[in-house]
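Letters A, B, ... are given to chains in the order of the sequence lines, protein chains preceding strands, and every chain is numbered from 1. Below, all heavy atoms of this structure are taken into account, side chains as well, without hydrogens, waters or symmetry copies.
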Protein chains: 2
Amino acid sequence: MPASTKSTAVPASGRLEQSVLTEDASFLLARANALALAAGNEALAEHGLKVRSYAVLALAVEETRPSQRELAEFLRLDPSQVVSLVDDLQRRGLVAREPDPTDRRANVVVATEAGRALHERAREAAQSAQRRLHAALSAAQSEQLAELLRLLAFPG
Amino acid sequence: MPASTKSTAVPASGRLEQSVLTEDASFLLARANALALAAGNEALAEHGLKVRSYAVLALAVEETRPSQRELAEFLRLDPSQVVSLVDDLQRRGLVAREPDPTDRRANVVVATEAGRALHERAREAAQSAQRRLHAALSAAQSEQLAELLRLLAFPG
DNA sequence: TATTGTTATACTCTATAACTATA
DNA sequence: TATAGTTATAGAGTATAACAATA
């Protein structure tokens, strides 16, 4: 193969990495998210979870006692998507819907004991996947990235 | 309403922001990406584009002359998705498929004059949407965020 | 044999509207 | 009137397998 077809040091598969898109934060965000989502789903699959259901379970484990509405807002999901996520977790005995005493329209989603146990194991899998994903970053860089993303994800 | 139901200074809509998920880089990535995607699609809609088709157009405008295969890898799309994205842009006269002289299996995707003109206008809309999205970040922070995301998005 | 682009297909995700029971 | 949850449904996005042409 003639040298002219591979005139740079960049590998053939990465020819496009010199694109201006590489300076576009939204594009980088999309690509990084695609990689993180794939890695997360793969790591959680052995526990029967995905990134979505793991997030709901994680919030149900906490003291906050979130309503489905709050879950939808926080996770940027449609309320109807929360219904089916909670349906699934409830069918598997991992969370329960409890009535909110202060608002009889609302359900509070709380983890069962089995849900807490599964969450603990899943959390470790997710964290180890994240460590692999952040292999190119130092611990300080990972923390800094999280801080900057927080500004973007929670404005105001 | 009794004070005990709103015991913190956090607004009711943001009660969950104290969750440990808020320290999870992958969750923050997902939420930030959801916001950026929505803002991007909204900004590009007036030009008849979405984030996906804009990215393809942007790469077709450059000198790189990417093949559909390269577009798929770079944008982390399935090759079949690239087919329909290019189909659509081509139908609208914004890009053309040119045969790759060095590989008769491959199509090279290049922007037409109309495509270049539209890209220029769309780029401005996308950039101004991004400035709004990054309102909480300084210019230095935005640049830093992009650098860190690049490490995540393009490992190796 | 392996790869590029293509088609067809199924599956997941997302968004919308309409309904009920509450507020 | 407005909101929480639910249901149904349609649309967008994603993933898979199979095929023709070419390497």
Checklist line | Residue V83(B), side-chain heavy atoms: nucleotide from dT6(C), dT7(D), dA2(C) that is nearest | finding: dT6(C)

Item checked: Touch class at under 4.0 angstrom, heavy-atom based, for N107(A) against every strand present -> sugar-phosphate

Item checked: side-chain contact (heavy atoms from CB on, under 4.5 Å) partner of L149(A), the single match among N33(B), L28(B), T22(B) -> L28(B)

Notebook entry, point to check: In terms of the nearest nucleotide of DNA chain D, which residue is placed more toward the 5' end: A106(A) or Q81(A)?
Noted result: A106(A)

Notebook entry, point to check: Rounded to the Å, how far apart are D100(B) CG and dT22(D) C1'?
Noted result: 12 Å

Next item on the list: Answer yes or no: does atom CD of E147(B) have more than 12 heavy-atom neighbours from other residues, nucleotides or ligands under 6.0 Å?
Entry: yes

Check: Which nucleotide, dT16(C), dT6(C), dA4(D), lies nearest any side-chain atom of R97(B)?
Finding: dT6(C)

Next item on the list: Take the protein atom CZ of R76(B) and the nucleotide atom C1' of dG13(D), then report the distance between them rounded to whole Å.
Entry: 14 Å

Check: Can you list, by residue number, the residues of residues 33-52 of chain A that have a non-hydrogen atom closer than 4.0 angstrom to DNA chain C?
Finding: K50(A), R52(A)

Item checked: Shortest side-chain distance from D103(B), nucleotide among dT22(D), dT22(C), dT7(D) -> dT22(D)

Item checked: Separation of atom CD in Q68(B) from atom P in dT22(D), rounded to whole Å -> 15 Å

Checklist line | Closest nucleotide among dT7(D), dT22(D), dA4(D) to the R105(A) side chain | finding: dA4(D)

Check: CD of E98(A) versus C1' of dG5(D): gap in Å, rounded?
Finding: 16 Å

Next item on the list: Write down the distance between CG (D88(A)) and P (dT6(D)), rounded to a whole number of angstrom.
Entry: 14 Å

Checklist line | Partners passing salt bridge (Lys or Arg N to Asp or Glu O under 4.0 Å) against R65(A) (at least two apart in sequence or in another chain) | finding: E98(A)

Check: What is the distance from CZ of R69(A) to P of dA4(D), rounded to the nearest Å?
Finding: 4 Å

Notebook entry, point to check: Are the ring centres of F27(B) and Y54(A) closer than 6.0 Å?
Noted result: no

Check: Is any side-chain N of the basic residue among R123(B) and E120(B) closer than 4.0 Å to the acidic one's carboxylate O?
Finding: yes

Next item on the list: State, to 0.1 Å, how close A38(A) and R76(B) come at their nearest heavy-atom pair, and which atoms those are.
Entry: CB-NH2, 4.4 Å

Notebook entry, point to check: Between the base of dT14(C) and the side chain of S80(A), is there any donor-acceptor pair under 3.5 Å?
Noted result: no

Check: Given atom CG of D87(A) and atom P of dG5(D), what is their separation to the nearest angstrom?
Finding: 12 Å

Item checked: Contact nearer the 5' end of DNA chain C, comparing V82(B) with R104(A) -> V82(B)

Next item on the list: Rounded off to whole Å, could you give me the CG-to-P distance for the D78(B) and dG5(C) pair?
Entry: 12 Å

Notebook entry, point to check: Cluster question for you: counting only ILVMFWY and a side-chain heavy-atom cut-off of under 4.5 Å, with indirect links fine, are V83(A) and L94(A) together?
Noted result: no

